[in-house]
Amino acid sequence: MEIEGDLFGPTFHDSPIGMAVLDESGHMLDVNPAFAHLLGREPAELIGKAFSEHTHPDDLERDAEMLAQVSSGVRPQGRLRKRYLDGRGETVWARVTLSEATQGESPRRFVAQVEDITEYRRAKELLEKRALYDQLTGLPNGTLLIDRLAHALDGHLTKPTTVGVLFCDVDHFSVVNDSLGHQAGNALLVIIAQRILLAVRPGDTVARHGADEFIVILEDLSDIEAASAIAESISASVHSPVPLAGHEVLPTVSIGVALAEGKTSAEALVRDADTAMFLAKEGGRSRIEVFRPDLRKTALNRLAIESDLRAAVREGTLVVHYQPIVDLKTREVFAYEALVRWEHPARGLLLPDEFIEISEKANLVASLGAYVLHEVCDFIARHPEFDGRVFVNVSTRQIGSADLTRTVKSALGPHCIDPHRLCLEITETGMLLATEAARLDLENVAALGVELVLDDFGQGYSALSSVLQNPIAGLKLSKDYADRLGEPGGDRISSAIAMLTTGLGIFGIVEGIETESQHVKALTHGWDYGQGFLYGRPLPEDELTASGLTPPPEKEKA
Ligand code: C2E
Ligand code: MG
Ligand code: MG
């Protein structure tokens, strides 16, 4: 063995690069300390063993091939990246260069230089993973998704089956994120990702597309029913309570389904599924919709509305209509609810359902809300003959960082309006406020003397106890319950909630009263106030003033 070491002298032993001297059969005649160290072993454990000893099983074949090529003289030198398993079973990546050290002499000797590149490989893998996988959920990201989908679409043309895409958007995610904080939001996304993975078939790809959007690629699909069935199972899997930051959240997803028909691109298929998802949201969330070609027009419409709305908010061309809220006993107008409308130059009068959601997505709702508040205060100032209150709807995004308190003050200020004249309606989801900033903002608004009312009570998402942590003065029972007045179940709920309002010392309003019998029921159940078409529809200011701010019942336009 001494002779082998002499081939290279001290260089061999002191080299920081691992080195081994091999005989013609690939056995190690000598190794330097660096090589032994790389494998986490002593030199004596390696000498006499095959060079392939401790090689990762998957790399054995390539290793043998390189040895054969160099020893047969096909190539003077072999290079290869390979994996070893060290003394602890960990993978060690190495770059190996093998060359002959003797020239035509016998016995022939070969020298392997073995460089540890594990750190480099790890860094590279990490970068690759970062570029293709979502950090939070570990799912493929948008880039990898498009790549896989394009691959699936290439393959499907020759198959009898097709490829489908499910676009899943978490409902009300911004509420959780804004109110319970980013950490809670992230935790919720991780749980939803796991639930989606549990619901799909083994080979399906689930990717994270945007903040609260997940996309599922379904290959080998027979038809749309098969895709819808998987969408149903995702929807069911996601819909179960999650404890988050002291609250209980019941997540739902809206899902759009699109199927590849003929030749289509990955981007186009995702866009179609997104369009169908938007329809599912508009239909009231927690729904599944299948893409149809006529929906493309709707998507274009939405984009057009968004840019027009931006201009409308900027130029102040939105209008506010007012709907009476009456005292159930006397039917006298006790207050008005301000409801925003948009007189669109080409589309006519648009109702909030057609643009509030778009304004939220486009970050316009805070300025829209500020505009409505100023309009309402101007209205109050213009009508000294009316001394009741005006209820104004406030979107969650107006609270907290958007500084609702400042907006309210600046609306009241110019006319020195008594804050008691203003009442702000916040939905149950909007009340699920736990960030300090949001809670503080609401407390500051209440401290001004502006009362807060819980809107659409009973439609929500959160536990009553969470909602009641906020300083509320009253609640409005959602129209869904008014519709059920007269049914035994509906009556029981209505009287129970009326009792709850009395117990809590807050006032109660029933929304959406359309008939005399609903009016009588609400009154006998103990409700204070009512609102609905029976007493008057929302009217523009000029029509309202023509009737002395007390519109005759049943006249009107919505
Ligand atoms: P909401 O606050 O629950 O308002 C009540 C909605 O029910 C109004 O619809 C009203 O026209 C309708 N309504 C009232 N009585 C009846 C009835 O007897 N029968 C039926 N079928 N409907 C009745 P609208 O004006 O379309 O507003 C829809 C929603 O848009 C509002 O629901 C509110 O959440 C939101 N919204 C309205 N204005 C604003 C605003 O200025 N800012 C924000 N952020 N949201 C607004
Ligand atoms: Mg309202
Ligand atoms: Mg309501």
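As the structure lists them, so they are numbered: ligands from 1, and atoms in each ligand from 1.
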Quiz item: Which of the numbered atoms in ligand 1 are below 4.0 angstrom from a heavy atom of Val372?
Solution: 41 (O)
Quiz item: Who's closest to atom 3 (O) of ligand 1 heavy-atom-wise, of Ile513, Asp456, Leu534?
Solution: Asp456
Self-check item: Distance flag for atom 9 (O) of ligand 1, protein heavy atom under 4.0 Å
Solution: no
Exercise. Counting heavy atoms only, name the option from Leu350, Val340, Leu318 that's nearest to atom 40 (C) of ligand 1.
Key: Val340
Practice problem: Examine Glu425 and say whether one of its N/O/S atoms is closer to the Mg ion (ligand 3) than 2.8 Å. | Solution: no
Practice problem: Considering only non-hydrogen protein atoms, determine which one is nearest to atom 22 (N) of ligand 1 and report residue, atom name and distance to 0.1 Å. | Solution: Phe533 CZ, 3.4 Å
Quiz item: Under a 4.0 Å N-O cut-off, is there an ion pair linking Lys329 with Asp327?
Solution: no
Quiz item: Do any of the N, O or S atoms of Asn393 sit under 2.8 Å from the Mg ion (ligand 2)?
Solution: yes
Quiz item: Taking the non-hydrogen atoms of Arg341, is any one of them nearer than 4.0 angstrom to ligand 1?
Solution: yes
Practice problem: Specify side chain, backbone, both or neither for Arg537, according to which of its non-hydrogen atoms lie closer than 4.0 Å to ligand 1. | Solution: neither
Practice problem: Measure Glu425 to ligand 1 on non-hydrogen atoms and call it side chain, backbone, both or neither using the 4.0 Å cut-off. | Solution: side chain
Quiz item: Are the charged groups of Arg271 and Glu267 less than 4.0 angstrom apart, N to O?
Solution: no
Quiz item: Are the side chain of Ser237 and the backbone N or O of Arg195 linked by a donor-acceptor pair below 3.5 Å?
Solution: yes
Quiz item: Does the protein put any heavy atom within less than 4.0 Å of atom 42 (N) of ligand 1?
Solution: yes
Quiz item: Considering only heavy atoms, does Gln323 approach ligand 1 within less than 4.0 Å through its side chain, its backbone, both, or neither?
Solution: side chain
Quiz item: So Phe507 and Phe391, would you call those rings parallel, tilted or perpendicular, with 30° and 60° as cut-offs?
Solution: perpendicular
Self-check item: atom 46 (C) of ligand 1 - nearest protein heavy atom and its distance
Solution: Asn393 CB, 3.6 Å
Exercise. Please work out the angle at the Mg ion (ligand 3) defined by atom OD1 of Asp455 on one side and atom OE2 of Glu511 on the other, rounded to 10°.
Key: 110°
Quiz item: Is Arg347 salt-bridged to Glu354, going by a charged N under 4.0 Å from an acidic O?
Solution: no
Quiz item: Is it true that Asp480 and Arg484 have a side-chain N and a carboxylate O under 4.0 angstrom from each other?
Solution: no
Quiz prompt | Ionic contact status for Lys476 with Glu425, cut-off 4.0 Å | solution = yes
Exercise. Determine whether the side chain, the backbone, both or neither of Pro538 has a heavy atom under 4.0 Å from any heavy atom of ligand 1.
Key: side chain
Exercise. Kindly identify the option in Ile325, Val392, Asp353, Val394 whose heavy atom sits closest to atom 28 (C) of ligand 1.
Key: Asp353
Quiz item: To which protein heavy atom is atom 1 (P) of ligand 1 closest, and what is the distance rounded to 0.1 Å?
Solution: Asp455 OD2, 3.8 Å
Self-check item: Residue and atom name of the nearest protein heavy atom (relative to atom 24 (P) of ligand 1), distance in Å to one decimal
Solution: Pro352 CG, 3.8 Å
Practice problem: Please check atom 38 (N) of ligand 1 for a protein heavy-atom neighbour under 4.0 Å. | Solution: yes
Practice problem: Validate the cation-pi geometry between Arg537 and Phe533: distance from NZ or CZ to the six-membered ring centre under 6.0 Å, angle to the ring axis within 45°. | Solution: yes
Quiz item: Should we say atom CD of Glu261 is surrounded by more than 12 heavy atoms from elsewhere, each under 6.0 Å from it?
Solution: no
Self-check item: Under 3.5 Å donor-acceptor, His344 side chain and Ala346 backbone
Solution: yes
Quiz item: With a 4.0 Å cut-off, would you call Asp272 and Arg296 a salt bridge?
Solution: yes
Quiz item: Any N or O of Gln398 that comes nearer than 3.5 Å to an N or O of ligand 1?
Solution: no
Exercise. List the closest protein heavy-atom neighbour of atom 5 (C) of ligand 1: residue, atom name, distance to the nearest 0.1 Å.
Key: Glu511 OE2, 3.8 Å
Quiz item: With atoms numbered from 1 as shown, which atoms in ligand 1 lie under 4.0 angstrom from a non-hydrogen atom of Ser395?
Solution: 44 (N)
Self-check item: Residue and atom name of the nearest protein heavy atom (relative to atom 6 (C) of ligand 1), distance in Å to one decimal
Solution: Leu339 CD2, 4.7 Å
Exercise. Ignoring hydrogens and angles, tell me if any N or O in the side chain of Gln323 forms a donor-acceptor pair with the backbone of Gly536 under 3.5 Å.
Key: yes
Quiz item: Tell me: protein heavy atom nearest atom 21 (N) of ligand 1, and distance?
Solution: Lys479 CE, 3.0 Å
Quiz prompt | Ser494 side chain to Gly490 backbone, donor-acceptor under 3.5 Å | solution = no
Self-check item: Metal proximity, Glu337 vs the Mg ion (ligand 2), N/O/S cut-off 2.8 Å
Solution: yes
Quiz item: Is the side chain of Asp212 donor-acceptor paired with the backbone N or O of Asp169 at a distance under 3.5 Å, no angle test?
Solution: no
Quiz item: Under the 3.5 angstrom rule, does the side chain of Asp456 hit a backbone N or O of Thr427 as a donor-acceptor pair?
Solution: no
Quiz item: Does His321 have a heavy atom less than 4.0 Å from any atom of ligand 1?
Solution: no
Quiz prompt | Nearest neighbour in protein (non-hydrogen) for atom 19 (N) of ligand 1 | solution = Glu514 OE2, 2.5 Å
